[in-house]
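First up is the structure itself, then whatever we jot down about it.
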Amino acid sequence: MVEKVSTSLSSLSMLQPKAEVRNLNFYYGATQALKQINLVVPEKRVTALIGPSGCGKTTLLRCFNRMHDLYPGNRYEGEILLDRINILERRVDPIAVRMRVSMVFQRPNPFPKSIYENVAYGLRVQGLLKRDFIDHQVEQSLRSAALWDEVKDRLKDSALNLSGGQQQRLCIARALATEPELILFDEPTSALDPIATSSIEDLMSQLKQQVTILIVTHSMQQAARLSDYTAFMYLGEMLEFNQTTTLFNQPLHQQTEDYVRGRFG
Amino acid sequence: MAQTDSAPPDLLAVQGSVSQRQLQDGLFAIVGLLTILVATIILLALVLQLAIQGFPRLTWQFFTSFPSSEWQQAGILSAWIGSALVMLVTAAIAVPLGVAAGIYLEEYARKNWLSALIEINVTNLAGVPSIVYGLLALGFFNDLLKLGESILTAGLTLALLILPIVIVTTREALRAIPNSLREAAYALGASRWQMIWDHILPYASGSILTGVIIGLSRAIGETAPLITIGALTFIAFLPPAPIQPSFPYISLEWLQAPFTVLPIQMFNWVSRPEPEFQINAAAAGTVLIGMTLAMNGFAIYLRYRFRRGVKW
């Protein structure tokens, strides 16, 4: 099995990797949630993590910005290289990691502040005060998130007055404002209606021009529509990683095939 | 189970037990309503009686006169100013300490046996009789720290008394903020302090303020601990003004001044033999109730103000 994974990885070796996971184990207390994960996240591509509930895909995603450090008892083993620097090392400050790797959550979670302040917050925590620069970044990020035209006249309004889909696009704009190199999406459309979902998906396929995207999704159709590469996880293991078309059409493993054909999940 | 394949049970046959259960329901509603009515009516009658009795004395002169042995000339000037200054000290000490302790316990402290022990103790402290705080203050602030029978001692004592209330409400307010907002702030590279200061604390401030005001409105009515530390009952002068006409303009001498407060003044008048002084006491009581109601009303307003437009 390990051999097969490595062959499928070697066929991807010409890719420019933005991040690389090497032999990652992760523990919630005594429970091992991730087992010997290896993965390449290619630069300026969309990589999807799929798999049945509880397979560890969200756990893996949250390793990339050290979200697990917020709660006691969690432990990493192995490496995640971001531009050849292991971000799991102790001397790397999680705050420094999060300034380069931002995240969009499952449910829209805007701050109960104005639209402008929501987008500007990532810059403010870094101590940036120049008004012109912040104004510029807020506008650019809202434009990239395809929200600018809807909100440009009410930047001072509360973000909570926006619709669910708009709130999620605001969260994407907020994540873009610090010009991250990698954006993590944790089932970003699972709380949205189909129209809002399709606008977020359009947005993501545009964003990959400028940034690397790693997305966890429950929907195989979404992974198939959106991603260039797909990783299938099962019971805490990385079972298969390949180009999306290959993974969906000629899966190497029986479990992968059963899952992508909708036989379980 | 012989009836399983016969007709469904007759609806009329079960009617008896249904009516009985509905009767129980109705009875409880009536008993509950009666209890509430009795409680509120008695309370309302007491307050109204106090207000009606004291109303004729609620004149401008009453608020601007010192106590006197002549009931017509007696007033609550030193008492209400004393109450206000003591509350100022209480709030200035209890709010920062209590909010900081609440933040520490909720956001920083690791959840282990030590934090559990502290939590149990804080909750227990809220139930300690106030006179015990008075004894503690007499020994610690008055004798040991030599702060005297002053406004400062009184403020410190009442601050101790309401500290558990402030800590517990702060923790509850922080706990009510959804974790998704904490994670959102962290994910943007905020440090723990930035997350608390920029987000959690502002969002929780309405509830925290409500707790503070409820604590203060308890403190304003306290008599026992202040008598224990030696508050005066008859005082015909005011503490030195905090703002002075000459340099350095601000004076803290008032902190060391002797004082009285409204409930003590009231207690003093009630113990007088002359019936006219009872009317003075009723008037002072009305003022005290008015102050408490105003503070509670303000707390309700704040809660409304802060929660409007903040939903998650």
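Just so you know, these numbers come straight off a predicted model, no measurement behind them. Numbered from 1 within each chain, the chains take letters A, B, ... in sequence-line order.
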Any chance you could measure B:Glu183, atom CD, to A:Tyr71, atom OH, to the nearest 0.5 Å?
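Between B:Glu183 CD and A:Tyr71 OH, I get 3.5 Å after rounding to 0.5 Å.
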Tell me the closest heavy-atom pair linking [X] and [Y], and the distance in Å.
X        : Y        : value
A:Asn109 : B:Ala184 : ND2-CB, 3.4 Å
B:Leu188 : A:Val125 : O-CG2, 3.6 Å
B:Ala187 : A:Asn65  : CB-ND2, 4.3 Å

More than 12 heavy atoms from other groups under 6.0 Å of [atom1] on [X]:
X        : atom1 : answer
A:Asp132 : CG    : no
A:Leu129 : CG    : no
B:Tyr301 : OH    : no
B:Phe298 : CZ    : no
B:Lys111 : NZ    : yes
B:Leu37  : CG    : yes

Beyond-backbone contact of [X] with [Y], side-chain heavy atoms, under 4.5 angstrom:
X        : Y        : value
A:Pro112 : B:Leu181 : yes
B:Tyr186 : A:Met103 : no
A:Lys113 : B:His199 : yes

Is chain B contacted by the side chain of [X], its backbone, both, or neither, given a heavy-atom distance below 4.5 Å?
X        : answer
A:Phe105 : side chain
A:Pro94  : neither
A:Val101 : backbone

Is it the side chain or the backbone of B:Asn179 that comes within 4.5 Å of chain A heavy atoms, both, or neither?
side chain
Under 4.5 Å from a heavy atom of chain A, the part of B:Arg110 involved
side chain
Winner by heavy-atom pair count (cut-off under 4.5 Å) against chain B, out of A:Gln126, A:Gln106, A:Arg174:
A:Arg174
Chain B: which of A:Arg124, A:Met67, A:Arg100, A:Arg98 shares the most heavy-atom pairs with it under 4.5 Å?
A:Arg98
